[in-house]
Amino acid sequence: MKNTQKNRLYIISFGDSRKYRLLYDPATGSAKGALEPFVDYEKELNEYLAKEFPGDTYAYYTTPRVTEIEESMVSEYDDYPLFDRRAMEEVKRELVREIQVMNDNRERNSNDAWG
């Protein structure tokens, strides 16, 4: 029996990073296998941010937000960059900036000096 399933398109982002296209070929494995890359991405980002910000965790930033795109709408996402190793490095830089801004804002808004 021939597999007639087409590649699936997912849009993936982390925190408030830009959105990327991620193609998945269902013929290459099971549904469980499709999730493994996302688990790996999250783990890599957690390890990276743990080095940058020891002692803190940032699930909001490291948990992938994944949306499957209907086949009829795939062409609308052609201008989104592909998620690859280069994109992962961009995401890391973006997340570090986001967390630094969040920490700076938290410090500025703190009433510790008046406590």
Side-chain angles (χ1 to χ4, degrees):
M1 182 174 186
K2 186 176 180 180
N3 187 341
T4 58
Q5 288 184 317
K6 294 183 178 186
N7 287 345
R8 293 181 176 172
L9 174 66
Y10 296 96
I11 301 301
I12 182 171
S13 66
F14 299 87
D16 295 325
S17 74
R18 84 187 312 183
K19 293 175 175 33
Y20 298 89
R21 290 181 302 140
L22 183 67
L23 296 172
Y24 172 68
D25 181 357
T28 63
S30 66
K32 180 183 176 195
L35 297 176
E36 287 176 15
F38 299 113
V39 172
D40 292 342
Y41 301 146
E42 184 172 7
K43 180 180 179 203
E44 182 176 341
L45 289 173
N46 274 316
E47 289 171 356
Y48 180 79
L49 292 177
K51 290 177 187 171
E52 294 290 319
F53 306 97
D56 291 330
T57 59
Y58 296 100
Y60 170 79
Y61 297 96
T62 60
T63 304
R65 282 141 189 84
V66 181
T67 305
E68 185 172 1
I69 304 303
E70 292 181 29
E71 189 175 337
S72 63
M73 300 182 69
V74 166
S75 63
E76 294 181 29
Y77 296 88
D78 285 345
D79 59 339
Y80 282 48
L82 280 174
F83 188 77
D84 56 13
R85 177 56 33 203
R86 183 174 160 196
M88 179 61 106
E89 296 307 314
E90 290 174 3
V91 167
K92 288 176 182 177
R93 287 191 299 273
E94 287 179 35
L95 295 183
V96 166
R97 267 194 313 270
E98 285 181 45
I99 293 169
Q100 286 171 334
V101 167
M102 178 190 67
N103 288 341
D104 289 348
N105 285 338
R106 184 182 303 148
E107 188 174 317
R108 263 194 296 269
N109 293 331
S110 173
N111 287 328
D112 287 344
W114 307 103

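A quick note: this is a predicted structure, and the numbers were derived from the prediction, not measured. These numbers come from the heavy atoms of this one structure, side chains and all, not from hydrogens, waters or symmetry mates.
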[X]: what forms a side chain to side chain donor-acceptor pair (under 3.5 Å) with it, not counting sequence neighbours?
X: Asn105; result: Arg108
X: Thr63; result: Glu42
X: Asn46; result: Thr62

State plainly whether one hydrophobic cluster holds both Tyr80 and Tyr20, where clusters connect Ile, Leu, Val, Met, Phe, Trp and Tyr through side-chain heavy atoms under 4.5 angstrom apart.
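No, Tyr80 does not connect to Tyr20 through the hydrophobic network.
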Joint cluster assignment, Ile12 & Leu9, ILVMFWY side-chain distance < 4.5 Å
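Unlinked, Ile12 and Leu9 end up in two clusters.
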Does any part of the side chain of [Y], heavy atoms only, come nearer than 4.5 Å to the side chain of [X], both counted from C-beta?
X: Arg106; Y: Asn103; value: yes
X: Val66; Y: Tyr41; value: no
X: Ile11; Y: Leu22; value: no
X: Met102; Y: Tyr61; value: yes
X: Phe53; Y: Val96; value: yes
X: Asp16; Y: Tyr60; value: yes

Rounded to the nearest 0.5 Å, what's the gap from CG on Asp104 to CD1 on Ile99? Could you check?
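Answer rounded to 0.5 Å: 12.0 Å.
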What's the separation between atom CG in Asp56 and atom CG in Leu49, rounded to the nearest 0.5 Å?
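The CG atom of Leu49 is 10.0 Å from CG of Asp56, to the nearest 0.5 Å.
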Considering all heavy atoms of both residues, which atom of Phe14 and which atom of Leu95 are nearest to each other, and what is their separation?
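In terms of heavy atoms, the two residues are closest at O-CD2, 3.6 Å.
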Taking atom CD of Glu44 as the centre, does the number of heavy atoms from other residues, nucleotides or ligands within less than 6.0 Å exceed 12?
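Yes - once you tally the heavy atoms of other residues, nucleotides and ligands closer than 6.0 Å, there are more than 12.
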Around atom NZ of Lys19, are there more than 12 heavy atoms from other residues, nucleotides or ligands closer than 6.0 Å?
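Result for NZ/Lys19: open.
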Parallel, tilted or perpendicular: which fits the ring planes of Tyr10 and Phe38, with parallel below 30° and perpendicular above 60°?
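Perpendicular, since the angle between the ring planes exceeds 60°.
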Can you name the one residue among Arg21, Arg86, Arg18 that meets side-chain contact (heavy atoms from CB on, under 4.5 Å) with Pro81?
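In the set Arg21, Arg86, Arg18, the residue that makes a side-chain contact (heavy atoms from CB on, under 4.5 Å) with Pro81 is Arg18.
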Lys/Arg-Asp/Glu bridge criterion (N-O < 4.0 Å) met for Arg93, Glu89:
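Judged by the 4.0 Å cut-off on N to carboxylate O distance, Arg93 and Glu89 do not form a salt bridge.
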Return yes if a side-chain donor-acceptor contact under 3.5 Å exists between Tyr58 and Glu98, otherwise no.
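Looking only at side-chain atoms, Glu98 and Tyr58 do not form any donor-acceptor pair under 3.5 Å.
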